[in-house]
Amino acid sequence: MINVPEKLMLLCSLCLLVSLPDSLSAAEKQVDYPKQIAPLFRKYCEGCHSVDDPEGKFAIDSYQGLLKGGKHGPAVLPGDSGSSRLIRMIKGEAKPVMPPEDSGEKLTDAEIALLVEWVNQGAKGPSGAEPARMELTVPDIAPANSAEKPITSLAWSDANQLKAVACFGEVQLQGKSANQNQNQNQKLQGLPGKVNSVQFTTDGKWMITASGTTGLFGQAAIWDVATGKKLQEFSGHKDVLYAAQISPDKKWLATGSYDHNILLWDVATGKQVRALTGHNGAIFDLAFSPDSSTLASASADATVKVWQVSSGQRLDTLSQPLKEQYSVTFSPDGNFILAAGADNRIRKWRLISRTSAKINPLIYARFAHESPVTQIALSPDGKLLASISDDQSLKIWDAGQLLLLNVKENLPALPTSVVFSPDSKETLVGYGNGLLETIRLPEQLSSPAAETQNTTAVASSKTSSPADQPVKTVSLKEQEPNNQPVDATKLDAAAVVVSGVISSEKPEQPDLDLYRFESKAGQEWLIETNAARKKSKLDSKIEVLDAAGKQIPRILLRAVRDSYFTFRGKDSNIVNDFRIQNWQEMELNEYLYCNGEVVKLWLNPRGPDSGFNVYPGSGGKRYTYFGTSPITHALHEPCYIVEPHPVGAELPPNGLPVFTIYYENNDDGRRELGDDSRLIFKAPRDGSYYVRVSDVRGFQGKDFHYDLTVRPRQPDFKVTLKGANPKINAGSGKEIEVVADRIDGFNGPIRVDIADVPPGFHVTSPLIIQAGHDRAYGVVSADPVPETSGPLAAPQPDDSRYQSVSVTATAKIGGQDITHPVNPVGQIRLLEKPKLIIRMVTMDTNKLDVAGDNIAEIPAKPIELTIHPGETISAQVLLLRNGYQGVVGFGREYAGRNLPHGVYVDNIGLNGLLLLDNQNERTFYLTAAKWVPETTRLFHLRADQEGNQTSIPVLLHVKHKDKLAASSK
């Protein structure tokens with residue numbers, strides 16, 4: 001439907017079109033339908049009554065549709081205006097009144113008289129075929145000042161080096177002629193309206209243009225480049241064309257229009273083959289895949305759609321964009337689709353829906369410009385991507401990972417089009433003021449930083465070695481005054497605990513305690529306070545200052561994606577349900593910056609009514625990173641996905657902020673010290689440094705006492721086993737958990753080995769606590785007890801071998817393997833067969849092999865599954881109900897125990913992985929995020945019922961596709 005402003009524009013222009021005589025009779029002159037009647041219908045009626053959207057099933061945009069009428073029957077009775085429903089509605093004699101009374105429009109008496117006379121004359125239509133509406137009759141108004149026409153589209157042929165520069169009504173060809181013997185500089189003129197798209201065929205022989213007249217028609221044309229002759233013309237749209245693309249094999253032409261439609265044409269015959277419908281907005285760009293089999297369309301409805309050319313089937317709708325999409329293209333190998341638009345972002349999808357409808361996964365989404373991205377263009381070699389924006393900048397990206405390589409800001413005018421030179425060393429940029437500029441790219445293009453996904457803090461890339469022996473700690477007391485660096489209390493010993501108090505004789509001057517220490521470059525220090533734990537009123541804050549008393553930058557956090565909190569705010573403790581805008585484009589292990597706090601994404605939302613879980617994922621308060629402190633966040637508060645970079649790195653602007661994080665802390669990021677502070681400091685250079693202690697609120701008093709520890713960092717760990725002295729049912733299993741206490745910022749993986757398990761029992765070993773994680777899960781299981789009399793498969797509880805189970809934890813710190821004992825498993829007791837036995841099997845398992853009591857048999861080796869990053873696989877869970885008949889649930893976001901981080905049980909809905917009381921089997925799905933590294937890990941399922949019975953663990957291999965292919969040869 002045409003909106004009111006568009007109707008008013010048509011009203012102004014069409015008033016000049018309809019010339020009405022003071023009086024008119026059939027005897028004087030026959031009313032002309034095309035010139036006098038059709039413009040009235042176009043002006044007042046077609047917005048609601050067109051063939052594309054016929055309100056009341058009445059289409060008035062053609063003479064045939066007018067005579068046909070609508071759901072109420074004929075609208076016009078030739079020769080009888082008094083009985084014609086259309087005339088009666090226009091006069092207000094029948095309901096509903098037309099045009100609608102709330103539209104603000106009404107036909108004049110003269111216009112109504114003209115329509116009445118036309119009907120009385122027989123309502124005659126056009127002679128012959130109804131002519132296409134190809135032009136508006138509007139006055140020719142000369143511009144007040146001469147100006148260059150804005151450049152609307154560019155193309156640069158790789159085959160013959162020709163440039164095509166398009167603007168309103170014409171295209172200029174620049175460069176060598178087809179025979180390369182002389183310069184060619186000719187204009188192809190007379191095109192209708194603005195030329196919104198221009199393209200060369202891959203062989204350089206043809207050029208394709210897209211143009212038209214707004215509100216009337218769209219036209220595409222194929223031109224012979226050598227002669228400038230128009231070879232074919234394609235008209236079928238009812239509005240201006242924004243895109244016309246020819247397939248690489250030159251068999252198909254696709255046209256996209258403001259009328260929301262895509263038309264596919266046979267180039268050889270010039271006939272329309274089919275219409276591709278489904279977009280709810282204007283079609284701004286089209287692109288064929290290199291093999292000509294697939295078409296991608298970018299639309300104002302904030303989607304990119306993927307179409308199969310041979311059938312017209314819609315293969316996928318890429319719905320992640322937030323606003324209109326203006327530009328779309330395929331990678332030269334045809335494996336990826338890239339698009340950009342009004343939400344300031346560039347996105348890259350992997351194309352897998354080549355022959356059937358499939359979901360094409362989003363690979364990258366980059367916040368690219370401060371304003372809408374109006375166009376993207378790939379270099380001919382496929383290595384670079386150029387983007388232009390309303391922010392008057394040109395950016396060059398690595399096309400593989402969408403990493404920013406170069407920025408040219410403050411362009412001379414608003415850029416309207418960009419294209420690469422055939423050698424990929426230059427870009428040609430067209431502007432809205434008619435300027436055409438060739439921009440030479442730097443010889444060396446390099447990214448300021450590689451992809452930082454799934455990495456730990458840049459500043460902590462090296463792990464300190466463990467101390468050979470504990471450093472002797474010296475106790476001191478602060479020496480007042482020590483508010484200024486010149487008066488700072490000196491810490492002479494390597495490890496010091498100094499007692500102080502935040503109190504001042506002058507209440508108007510808050511007390512700040514300063515302590516000086518010396519350090520070598522690269523030396524790492526542990527600095528923490530003990531105040532709240534000693535029942536002090538002090539809410540401490542610690543900062544590290546340089547020799548001049550200034551804060552020391554720790555790291556740069558560059559925002560790469562903007563967002564905000566939705567649904568509700570967050571307090572300073574909550575771990576789960578982080579609902580944030582545009583979460584679909586975020587990935588696990590990415591850092592989220594929220595008003596000074598930095599958290600890390602741990603688990604994806606599990607449905608429309610859930611949000612991210614952040615580290616540690618479960619059990620306790622959330623962790624913070626880079627020394628930042630947890631705080632409360634309000635609904636709609638801005639937040640950003642950020643990437644860490646070293647201090648001093650040159651970061652070309654991407655339209656989003658860069659946050660500098662300093663060496664300071666309010667509350668310990670690991671949440672182990674309550675309201676006390678902890679900081680790990682790495683000295684950037686040799687010299688003197690200061691620790692400043694204060695109250696974060698600015699309070700003070702004699703009961704604001706504290707102990708400050710400053711000592712060398714000594715990374716270490718301690719592991720605790722939970723679930724000791726397990727009671728195991730025959731033929732089933734129970735879960736054990738190992739939890740790591742990470743000391744002084746140690747963040748690496750920890751291996752837990754369980755050995756000397758008694759015969760008849762089995763245990764998951766080794767258990768790996770992954771880097772950056774705190775826990776891992778395993779299973780202790782027991783062989784089934786034979787039905788016949790005789791010795792049990794497992795020893796009796798009083799067997800001395802129960803005490804021989806050993807548990808140790810090992811990790812590599814500073815290149816050394818460090819092993820610590822873990823508390824023992826204790827006594828393992830064997831119980832009778834449970835009422836519920838659980839097994840996981842592959843999809844091709846013969847169910848008869850595991851039917852009945854056979855399901856209780858523990859296999860000699862675990863079942864194995866293989867998954868590669870970005871893939872979803874399926875398996876089955878089977879139940880043997882030995883008296884338990886109720887619902888069996890295995891949890892929701894934590895279904896699948898001990899899976900590698902980034903692999904999760906998928907497609908389980910709000911109720912989780914659940915078997916109803918009449919179900920004994922169910923298929924479930926495992927999905928691996930694209931970044932999951934290669935690993936092998938045992939995982940299991942744990943029921944919420946019958947004492948939390950577990951399945952026998954399954955061995956999951958995460959392997960890359962190329963490794964799988966190599967191993968199969």
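Judged as a side-chain hydrogen bond (donor to acceptor under 3.5 Å, both in side chains), and not counting sequence neighbours, the contacts of Arg937 are Asn898. Asn823 is linked by a side-chain hydrogen bond (donor to acceptor under 3.5 Å, both in side chains) to nothing, counting only residues two or more places apart in sequence or in another chain.
With Asn666 contributing its side chain and Lys541 its backbone, the two residues share no donor-acceptor pair below 3.5 Å. Judged by distance alone, with hydrogens and angles left aside, the side-chain atoms of Ser951 form a donor-acceptor pair with the main-chain N or O of Leu941 at under 3.5 Å. The closest donor-acceptor contact from the side chain of Asn729 to the backbone of Leu831 lies at 3.5 Å or more, if one exists at all. Formation of a donor-acceptor pair under 3.5 Å by the Asn665 side chain with backbone atoms of Gly627 is found in this model. Although no hydrogens or angles enter the test, the distance criterion places a donor-acceptor pair under 3.5 Å between the side chain of Asn725 and the main chain of Gln827. In this structure, Ser536 contributes its side chain and Leu538 its backbone to a donor-acceptor pair below 3.5 Å. With hydrogens and angles ignored, the 3.5 Å screen pairs no side-chain donor or acceptor of Glu524 with any backbone N or O of Pro712. No donor-acceptor pair under 3.5 Å is formed between the side chain of Tyr625 and the backbone N or O of Thr628. Side chain of Glu590 to backbone of Glu587: a donor-acceptor contact under 3.5 angstrom is found. In this structure, Arg713 contributes its side chain and Asp744 its backbone to a donor-acceptor pair below 3.5 Å.
Side-chain contact between Leu926 and Leu899 is present, with at least one heavy-atom pair separated by less than 4.5 Å. Residues Val779 and Lys734 form no side-chain contact, since every pair of their non-hydrogen atoms from C-beta on lies 4.5 Å or further apart. Inter-residue side-chain proximity for Val614 and Leu592 is flagged as unmet; no heavy-atom pair is nearer than 4.5 Å. Between Val752 and Leu721, every side-chain heavy-atom pair lies at or beyond the 4.5 Å cut-off. The shortest distance between side-chain heavy atoms of Val958 and Glu934 does not fall below 4.5 Å. A 4.5 Å side-chain heavy-atom check between Val932 and Val903 finds at least one atom pair inside the cut-off. By the 4.5 Å heavy-atom criterion applied to side chains, Arg922 and Leu914 are counted as neighbours.
Using a 4.0 Å cut-off between charged side-chain N and carboxylate O, Lys722 and Glu737 make no salt bridge. Comment: Glu664 does not engage Arg554 in a salt bridge, judged by the lack of any side-chain N to carboxylate O separation of less than 4.0 angstrom. Taking the charged nitrogens against the carboxylate oxygens, Glu946 and Lys835 have no contact shorter than 4.0 Å, which rules out a salt bridge. We find that Asp716 and Lys718 are not joined by a salt bridge, their nearest charged nitrogen and carboxylate oxygen being 4.0 Å or further apart. Under a 4.0 Å N-O distance rule, the pair Arg568/Asp577 qualifies as a salt bridge. Ion pairing of Arg678 with Asp676 is absent here, as no side-chain N (NZ or NE/NH1/NH2) approaches a carboxylate O to less than 4.0 Å.
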Exercise for review: Go through the steps for Arg881 and Asn920 under the test side-chain hydrogen bond (donor to acceptor under 3.5 Å, both in side chains), then give the verdict.
Suggested key: CA-CA 8 Å; Arg881 296 180 181 269; Asn920 292 325; 2.8 Å; yes
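With no hydrogens or angles considered, a side-chain donor-acceptor pair links Ser732 and Gln949 at under 3.5 Å. If you check the side chains of Asp906 and Thr927, you find a donor sitting under 3.5 Å from an acceptor. For Thr819 and Thr810, the side-chain atoms include at least one donor-acceptor pair closer than 3.5 Å. Checking Glu597 against His633 by side-chain atom types alone, a donor-acceptor pair falls below 3.5 Å. Residues Tyr894 and Asn613 have side chains that bring a donor and an acceptor to within less than 3.5 angstrom of each other. The closest side-chain donor-acceptor pair between Ser540 and Ser677 falls under 3.5 angstrom. For the residue pair Asp707 / Ser499, a side-chain donor-acceptor distance below 3.5 Å is found, with atom types taken as modelled. For the residue pair Asn573 / Arg671, a side-chain donor-acceptor distance below 3.5 Å is found, with atom types taken as modelled. Side chains of His957 and Thr866: a donor-acceptor N/O pair is absent below 3.5 angstrom, by distance only.
Remark: Ile736 CD1 to Ile828 CD1 distance equals 8.5 Å, nearest 0.5 Å. To the nearest 0.5 Å, atom CD1 of residue Ile838 and atom CD of residue Gln945 are 8.5 Å apart. Lys570 NZ to Thr632 OG1: the interatomic distance, rounded to the nearest 0.5 Å, is 11.0 Å.
Residue Lys930 qualifies as enclosed at atom NZ: its count of foreign heavy atoms under 6.0 Å is above 12.
Between Phe626 and Tyr591, the distance from one ring center to the other falls under 6.0 angstrom. Residues Phe717 and His820 place their aromatic rings such that the two centres sit under 6.0 Å apart. Side-chain rings of Tyr615 and His901 approach one another, their centers coming within less than 6.0 Å.
Between Trp602 and His773, the two ring planes are tilted [angle within 30° to 60°].
Judged by a 6.0 Å distance limit and a 45° cone about the ring axis, Arg670 is positioned over the six-membered ring of Tyr623.
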